[in-house]
Amino acid sequence: MQFGLFEDKPHSYASLDELIDAMMNMTDDPLYPAGTNMVICRGNPEAKLMIIGEAPGPRENELGKPFVGRSGKLLDQILGAVNLDLDKDVFISNSVFRMPPGEAGKNFRKPNNEEIEYYKPYLLEIIRLVDPAIMLLTGNVATQSLLGQTGITKLRGQWFDWNGRHVMPIFHPAYLLRNPSRKPGGPKALTWQDIQEARRKLDELTANG
Ligand code: URA
Ligand code: URA
């Protein structure tokens, strides 16, 4: 499968700090005219586990960090359940780096295909510089960006080999907030299963150096 690692944008950067600096000064991206803030990443850039979300929401736009609103709190809990600390054991970023402004009384919307494609080379560059062994893709947007597929209900919980990295789509925490049932086979129970499997894989890779 072709994952499009070789787009000509952006140029490669020597360090994550350099890339972040360039992104913070970006003015030619499709969401720049919206006037929302550039929100790039947080967590430990040395972590083996990277989580890739969709796009910043209002809280993230305000604070300039990914997953610091309600979805982020739930993500903290999901990771905490398998003893992973979001600031220590995980590096976290998004597929789109500015909040897409909402229309019709909503303060934000889902990113569109043009936005996902535009920001993808930057996501690829972050991945290259952070070099995670495992990546969890939360929801359809991240899965579309990286694997070129959607259909999270079918894809979640499976490992994909993405350029030598272990990649698993999981449900987006915002989806779990909308579907909070804990019944067996429901999205929360399945996510619980998926995070345990991710932890197992992480331990396996750590044990093997
Ligand atoms: N949802 C996301 O996908 N990313 C964030 O940063 C916040 C909410
Ligand atoms: N749609 C998404 O984008 N993510 C989910 O987790 C579920 C539905």
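Start at 1 and go down the list; that is how both ligands and their atoms are numbered. The first residue of the sequence shown is numbered 1, and numbering continues consecutively from there. Everything numeric in this text was worked out from a predicted model, so none of it was measured.
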Checklist entry - Hey, does Ile127 have a side-chain heavy atom less than 4.5 Å from the side chain of Arg165? => result yes
Next on the checklist: Just so I know, are the side chains of Thr36 and Pro100 near enough to count as touching, which here means a heavy-atom distance under 4.5 Å?
Outcome noted: no
Checklist entry - Short list, please: which atoms of ligand 1 are under 4.0 Å from a heavy atom of Pro66? => result 6 (O)
Checklist entry - Which atoms from ligand 1 have a heavy atom of Gly53 less than 4.0 Å away? => result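 Those atoms are 3 (O).
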Checklist entry - Partners of Asp76 by salt bridge (charged side-chain N to carboxylate O under 4.0 Å, His left out), sequence neighbours excluded? => result none
Next on the checklist: My understanding is that only residues two or more places apart in sequence, or in another chain, count here; which of them pass salt bridge (charged side-chain N to carboxylate O under 4.0 Å, His left out) with Glu197?
Outcome noted: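 Arg200.
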Checklist entry - With no hydrogens and no angle check, is any side-chain donor or acceptor of Thr191 less than 3.5 Å from a backbone partner on Pro187? => result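 Present.
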With a 4.0 Å heavy-atom cut-off (strictly under), which part of [X] contacts ligand 1: side chain, backbone, both or neither?
X: Ala55; result: backbone
X: His172; result: side chain
X: Glu60; result: side chain

Next on the checklist: Polar contacts were defined as any N/O atom of the residue lying under 3.5 Å from an N/O atom of the ligand; does this apply to Thr138 and ligand 1?
Outcome noted: no
Checklist entry - Would the number of heavy atoms belonging to other residues, nucleotides or ligands and lying under 6.0 Å from NZ of Lys201 be above 12? => result yes
Checklist entry - How far is atom 4 (N) of ligand 1 from its nearest protein heavy atom, and which residue and atom name does that atom have? => result Asn94 OD1, 2.8 Å
